[in-house]
Amino acid sequence: PITIQPWFWLTMAILGNLFYPATDGRQLNLEGMVIFIAAGFFSILIHELGHAFSMRKHGGRDIQIQLQGLGGQAAYRPDPERPITRWKSIAISAAGPLYQLIAGIAAKLFLIAYSSTVGDATMLVIALEPFILISILWGAFNLLVPIFPLDGGQILNGILGPKNIKTTLWIGLILCIVLAILMSIRQLSFWNLLIIGLLASQNIRMLQAIREQEKGGPTPPPQP
């Protein structure tokens, strides 16, 4: 089952308007927004399907996908007869961005071959450009940056072990601060800083929840 929250469509529309800015005095580039929304939908869905297929392979049951905000989430119920080990969990986390990267690279190779024979101005070329950008950049960022709850953070937590979740969160929080400083120096867009800020706040909330649990407080909310 796949569910899509309204916030997902709104986020893709906002980013689409930034990627395809309006011209001729218009406020919105509706054609560009539609293209970007479709590209984001298919790219992120491929990412989550990578997680889902890996979950099924390694014993996950009742798998569900939800697209939300800037990404998505694939959830499953463990099979008691086929427990998910740490290394299986790492494989599940890596599968999503790897599927997305492969899709983006394949689209790029196709676009190179297609453009050399047909040209650069066709609708297919225009439609594939944001798909390639989202797939390669978001896939690589998700895989290589060890900030929880990105897949890189999930992989780091799998390597360190569930008992060291606080170490994973602190590493992610420190990395968020470093990235925010570097982005500010390079004067990158507000949206880049917003993403880092959201990731940092999530790590802080999880650290606070763990601290409350250690003090005998209320049970922390489930991890994303």
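Just so it is clear, the structure is predicted and the values come from calculations on it, not from any experiment. Numbering starts at 1 and runs along the sequence shown.
- Residue Ile132 holds its CD1 atom at 9.0 Å from CG of Leu109, rounded to the nearest 0.5 Å.
- Taken together through direct or relayed side-chain contacts under 4.5 Å among Ile, Leu, Val, Met, Phe, Trp and Tyr, Ile102 and Leu128 form parts of separate hydrophobic clusters.
- When side chains are defined from C-beta on, Leu175 does not count as touching Leu199, because their heavy atoms never get closer than 4.5 Å.
- Between Phe36 and Ile134 the shortest side-chain heavy-atom distance falls below 4.5 Å.
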Please tabulate, one pair per line, all N/O donor-acceptor pairs under 3.5 Å involving side-chain atoms of residues 92-101, not counting sequence neighbours.
from: Ser93; atom 1: OG; to: Ser89; atom 2: O; distance (Å): 3.2
from: Gln100; atom 1: OE1; to: His47; atom 2: ND1; distance (Å): 2.7
from: Gln100; atom 1: NE2; to: Ser43; atom 2: OG; distance (Å): 2.9

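- Clustering ILVMFWY residues whenever any of their side-chain heavy atoms sit less than 4.5 angstrom apart, transitively, puts Ile165 in a cluster other than the one holding Leu160.
- The closest donor-acceptor contact from the side chain of Ser184 to the backbone of Ala180 lies under 3.5 Å.
- Residues Asn157 and Leu169 are not in side-chain contact: their nearest non-hydrogen atoms beyond the backbone lie 4.5 Å or more apart.
- Taking CG of Asn203 as the reference point, atom CG of Leu198 lies at 11.5 Å (rounded to 0.5 Å).
- Take Gln208 and apply the side chain to side chain contact (heavy atoms under 4.5 Å, CB included) test, not counting sequence neighbours, and it matches Ile204, Arg211.
- Looking at Gln73, its side chain never comes within 3.5 Å of a backbone N or O of Gln66 through a donor-acceptor pair.
- Here the CD1-CD1 distance, from Ile177 to Ile196, works out to 11.0 Å after rounding to the nearest 0.5 Å.
- With sequence neighbours excluded, no residue forms a salt bridge (charged side-chain N to carboxylate O under 4.0 Å, His left out) with Arg82.
- One hydrophobic cluster, built from ILVMFWY side chains closer than 4.5 Å, cannot hold both Leu156 and Val145; they sit in different ones.
- For the atom pair Ile14 CD1 and Leu10 CG, the distance stands at 4.0 Å (nearest 0.5 Å).
- Every pair tested for salt bridge (Lys or Arg N to Asp or Glu O under 4.0 Å) that includes a residue from residues 84-113 fails, sequence neighbours excluded, so the list is empty.
- In this structure, the salt bridge (charged side-chain N to carboxylate O under 4.0 Å, His left out) partners of Lys166, at least two apart in sequence or on a different chain, are Glu214.
- Annotation for Phe141: atom CZ counts as buried by contact number, over 12 foreign heavy atoms lying within 6.0 Å.
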*asked:* side chain to side chain contact (heavy atoms under 4.5 Å, CB included), that's the test. Do Ile155 and Leu143 meet it? Break it down for me.
replied: CA-CA 8 Å; Ile155 292 171; Leu143 180 64; 3.8 Å; yes
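- Leu137 and Phe42 fall within a single hydrophobic cluster, where Ile, Leu, Val, Met, Phe, Trp and Tyr side chains are chained together by heavy-atom contacts under 4.5 Å.
- Side-chain atoms of Glu31 and Val34, non-hydrogen and from C-beta on, never get closer than 4.5 Å to each other.
- Put simply, CD1 on Ile2 and CD on Glu48 are 9.5 Å apart, with the number rounded to the nearest 0.5 Å.
- Distance check, rounded to the nearest 0.5 Å: CG of Leu193 to CD1 of Ile181 gives 11.0 Å.
- Taking all atoms of both residues into account, the shortest heavy-atom contact from Met206 to Phe148 is CE-CE2, 3.5 Å.
- Residues Phe131 and Ile46 are in side-chain contact: their nearest non-hydrogen atoms beyond the backbone lie under 4.5 Å apart.
- Minimum heavy-atom separation, Pro78 to Pro80: O-CD, 3.5 Å.
- Nearest heavy atoms, Ala127 versus Ala39: O-CB, 4.4 Å.
- The 12-atom threshold is exceeded at CH2 of Trp9, counting heavy atoms of other residues, nucleotides or ligands nearer than 6.0 Å.
- Judged purely by atom type and a 3.5 angstrom limit, Asn17 has no side-chain atom pairing as donor or acceptor with the backbone of Ala13.
- For the pair Asp151 (side chain) and Asn142 (backbone), a donor-acceptor distance under 3.5 Å is absent.
- Tracing side-chain contacts under 4.5 Å through hydrophobic residues (I, L, V, M, F, W, Y), one never reaches Met55 starting from Ile65; they form parts of separate clusters.
- Listed by chain and number, the residues in a salt bridge (charged side-chain N to carboxylate O under 4.0 Å, His left out) with Arg61 are Asp79 (sequence neighbours excluded).
- Here the closest heavy-atom approach between residue Ile35 and residue Pro130 is recorded as CG2-CG, 3.9 Å.
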